[in-house]
Number of protein chains: 2
Amino acid sequence: MRDGRPIDDRQTDGGEAFRSVEAQHTPSKFLTRLTGPDRAALAALAASRRVPRGEAVFSAGGPGKHVYFLESGKIKICQPSPAGNEIILWFCLPGEIFGLAEVSHGGGRVVSAFACEESLVLSLSQKDFREFLATHPDTVMLSMQALSSRLRVLGEMVVNLVSDDANTRIAKLLLRLAARYGKREGGIVHLDLPLTHEEIANMVGTTRQTVTTVIGQFRRQGVLSIENRRIQIESEDLLTEISQAAAPPAKHRPGS
Amino acid sequence: MRDGRPIDDRQTDGGEAFRSVEAQHTPSKFLTRLTGPDRAALAALAASRRVPRGEAVFSAGGPGKHVYFLESGKIKICQPSPAGNEIILWFCLPGEIFGLAEVSHGGGRVVSAFACEESLVLSLSQKDFREFLATHPDTVMLSMQALSSRLRVLGEMVVNLVSDDANTRIAKLLLRLAARYGKREGGIVHLDLPLTHEEIANMVGTTRQTVTTVIGQFRRQGVLSIENRRIQIESEDLLTEISQAAAPPAKHRPGS
DNA sequence: GCGCGTCTGTCGGCCAGCCGACATCCGCGA
DNA sequence: TCGCGGATGTCGGCTGGCCGACAGACGCGC
């Protein structure tokens, strides 16, 4: 199809830069951005729960009656595959809201939320959440930002999955995880995520053995190292090079 | 990980059925669900634009300053791959809102919106849209529903892409498109979507030739037929069987 | 501190489907 | 109505990576 001219977005502000992936895709730190009074109102409404490591906050197939906020710990949001593998879609870090996708249509859960480590979670019934939004208008944008951010994450995953070979998919996954969850110290990015090779394979559509092979190659190339089965990216630049090296030519691209 | 018990969602309502995919994933028909006064207020604020077939409403990389509503026509939302292929993420039908993911963080566009056929589009600046939400609280849930619905669509795509072989991915894509956009007449589902084999290939991560081969097989099996280069699903049941036939066993599944 | 279950590392045969190429068809715009 | 550019249909050589199997390592719970 021809490259079209945008309609109303066509006037661009001079010098407005496209934001980095990190800034663009950071999900709403809902709790952090609540003002004092809003935060107090939420705390008065919500129930607090401790979730042990490995336990589910909610499960796919169950009812979706509550919205959750992560006080501390780490949550992974998974969708089951037909074969029963749990595909990790994204992680939630402290401050983030989750489980709100069902608020608007009142349906059951399509995804599960598991605690990767012991976590402290606030829960609010959907009814109370709707009332909270209605009486705290600032929180509407925070909720929409959480949903939008995750929409972009999944969009990136889709494009990655349909476009790239296994090597590149793994490289790009690691870069995305680094951008969103990495802790940076002197040029090295620590991924404080308890990810097995099987979980990585499930996220990028390959096999556990292929991930083991590729991660081993990345270690030998000095791209990353492993400590306590956690990945540390020694050179984001090298990983970026790897992820761009195998770009295939466009089929059916005007001007190709 | 062990199957966890849900925390606050664990009490289920007796007999509450998990809704069908069609009901669950129907995006918010925003315009249709607006009440008369809300609709009039929106019409007073928004600008109307006619978009010829093939033109972009907005483009990836451009600024995201407006929110759009589709009065008539058909829009496809695409994200460019590194090779320059436009990957269709979803379609928008009349009544739907689109282009709102950038409202909450004010960033540039990651996706493009193209008119598949001549379309009539309302546009509203983000600023006006925020004010509209603030003064029309019913529209907050409609907006969140649109975002949530698309989140689920992309989640399904991700799980489909990482789990299935090419044959199954194509079958499931056709079923999803049928559920969301199909017109049903006497057991046959018409997909009134102008999709080429190349576009289908881009959506499921395969090649144009593989899609041509698989679509040909489906025709010979009586699963579907083609008219004016539009797919008609003759037997959803058969297509569903095909999409379930190749389910691989779970790796690392407790109890497998 | 120790044992164990899970995770990682390796191997090689096999095949799903990629890909370049070419012929034919047909929907759309003038 | 007609011409043409894009879409569809087919082919077969080739290869990326799947997969079952096995050995060794190690993180975690007791």
Side-chain angles (χ1 to χ4, degrees), chain A residues 1-2 52-54 83 85 116-118 161-171 192-202 204-220 224-231 245-256, chain B residues 1-2 52-55 83 85-86 116-118 161-171 192-202 204-220 224-231 245-256:
Chain A
M1 103 230 338
R2 293 148 48 214
R53 180 167 169 274
N85 293 317
C116 305
E117 61 192 54
E118 178 168 303
L161 287 165
V162 301
S163 309
D164 296 313
D165 63 17
N167 205 76
T168 307
R169 298 203 298 279
I170 294 168
D192 187 20
L193 296 171
L195 275 172
T196 67
H197 291 186
E198 183 77 32
E199 286 176 321
I200 293 175
N202 286 341
V204 298
T206 186
T207 62
R208 199 272 306 162
Q209 294 91 324
T210 299
V211 172
T212 301
T213 298
V214 171
I215 295 278
Q217 285 166 351
F218 288 169
R219 280 168 67 187
R220 287 189 288 278
L224 55 82
S225 59
I226 308 291
E227 264 179 44
N228 291 333
R229 289 184 180 165
R230 276 159 171 69
I231 293 171
K251 300 300 190 289
H252 211 60
R253 182 179 184 183
S256 289
Chain B
M1 96 234 343
R2 294 148 48 212
R53 179 166 169 276
E55 296 270 325
N85 293 318
E86 293 285 356
C116 307
E117 60 191 54
E118 178 170 305
L161 288 165
V162 303
S163 309
D164 297 311
D165 63 18
N167 205 75
T168 307
R169 298 203 299 278
I170 295 168
D192 187 21
L193 296 172
L195 275 173
T196 67
H197 291 185
E198 183 76 32
E199 287 177 320
I200 293 175
N202 287 339
V204 300
T206 186
T207 63
R208 199 272 306 163
Q209 296 91 324
T210 299
V211 172
T212 301
T213 297
V214 171
I215 295 278
Q217 285 166 353
F218 287 170
R219 281 169 65 187
R220 287 188 288 278
L224 57 81
S225 59
I226 309 290
E227 264 180 44
N228 290 334
R229 288 184 182 165
R230 277 161 170 66
I231 293 172
K251 301 300 190 289
H252 209 62
R253 180 178 185 182
S256 289

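Both backbone and side-chain heavy atoms feed into the values below; hydrogens, waters and symmetry mates do not. Proteins get letters first, then strands, A, B, ... in listed order; numbering begins at 1 in each. Predicted model, so just to flag it, every value in this text is computed and none were measured.
In this structure a side-chain-to-backbone donor-acceptor pair under 3.5 Å is missing from A:R53 to A:E118. With hydrogens and angles ignored, the 3.5 Å screen pairs no side-chain donor or acceptor of A:R219 with any backbone N or O of A:L224. Side-chain atoms of B:E199 come within 3.5 Å of backbone N or O of B:T196 as a donor-acceptor pair. The closest donor-acceptor contact from the side chain of A:T168 to the backbone of A:D164 lies at 3.5 Å or more, if one exists at all.
Annotation for A:R208 and A:A201: closest pair N-CB, 3.7 Å, computed over non-hydrogen atoms. Heavy atoms only, all atoms of each residue included: A:L193 and A:R230 are closest at O-CG, 3.7 Å. In plain terms, the two heavy atoms of A:H197 and A:T212 that are nearest each other are ND1-OG1, 2.8 Å.
The nearest whole Å value for the distance from the CZ atom in B:R169 to the C1' atom in C:dC18 is 12 Å. Rounded to an integer number of Å, the gap from CZ of A:R219 to P of C:dT10 is 9 Å. At whole-Å resolution of the value, CG in A:L193 and P in C:dC7 are 16 Å apart. Here the C1' atom of nucleotide D:dT8 and the CG atom of B:L224 are 14 Å apart, to the nearest Å. Between the CD atom of A:Q217 and the P atom of D:dG16 there is a distance of 12 Å, rounded to whole Å. Per the geometry, CG belonging to A:D164 stands 14 Å off P belonging to C:dC18, to the nearest Å. Note: CZ (B:R220) to C1' (D:dT10) measures 10 Å, nearest angstrom. With rounding to whole Å, B:E198 atom CD is found 9 Å from D:dT8 atom P.
Checked by distance alone, A:Q209 brings no side-chain donor or acceptor within 3.5 Å of a matching partner on the base of D:dG17. For a distance-only test at 3.5 Å, the side chain of B:R208 qualifies as a donor-acceptor partner of the base of D:dG9.
Every residue was checked against the side-chain hydrogen bond (donor to acceptor under 3.5 Å, both in side chains) condition with B:R229, not counting sequence neighbours, and none meets it.
Within the 4.0 Å cut-off from OP1 or OP2 of D:dG17, not a single side-chain nitrogen or oxygen of A:T213 is found. Here B:H197 does not reach the OP1 or OP2 of D:dA7: none of its side-chain N or O atoms lies under 4.0 Å away. For the OP1/OP2 pair of D:dC19 and a distance below 4.0 Å, the side-chain nitrogens and oxygens of A:T207 include no atom meeting the criterion. Between A:T212 and C:dT8, a side-chain N or O to OP1/OP2 separation shorter than 4.0 Å is absent.
Note: B:Q217 CD to B:I170 CD1 = 9.0 Å, rounded to the nearest 0.5 Å.
For A:T196, counting side-chain heavy atoms from C-beta on, the closest listed nucleotide (C:dT8, C:dG17, D:dC19) is C:dT8.
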Handout entry: Per-nucleotide protein contact string for nucleotides 25-30 of chain C (B base, S sugar-phosphate only, - none; heavy atom under 4.0 Å)
Key = -BS-S-

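From one end of the helix from C:dG1-D:dC30 to C:dA30-D:dT1 to the other, with five pairs defining each end axis, the axis direction shifts by 80° (rounded to 10°).
With DNA chain D read from its 5' end, the first of the two nearest nucleotides for A:T206 and B:I215 is the one closest to B:I215. Between A:T210 and B:I226, the one whose closest nucleotide on DNA chain D sits nearer the 5' end is B:I226.
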Handout entry: Steps toward side chain to side chain donor-acceptor pair (under 3.5 Å) verdict (A:T210, A:T207)
Key = CA-CA 5 Å; A:T210 299; A:T207 62; 2.9 Å; yes

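Using a 4.0 Å heavy-atom distance criterion, A:N167 is classed as making no nucleic acid contact.
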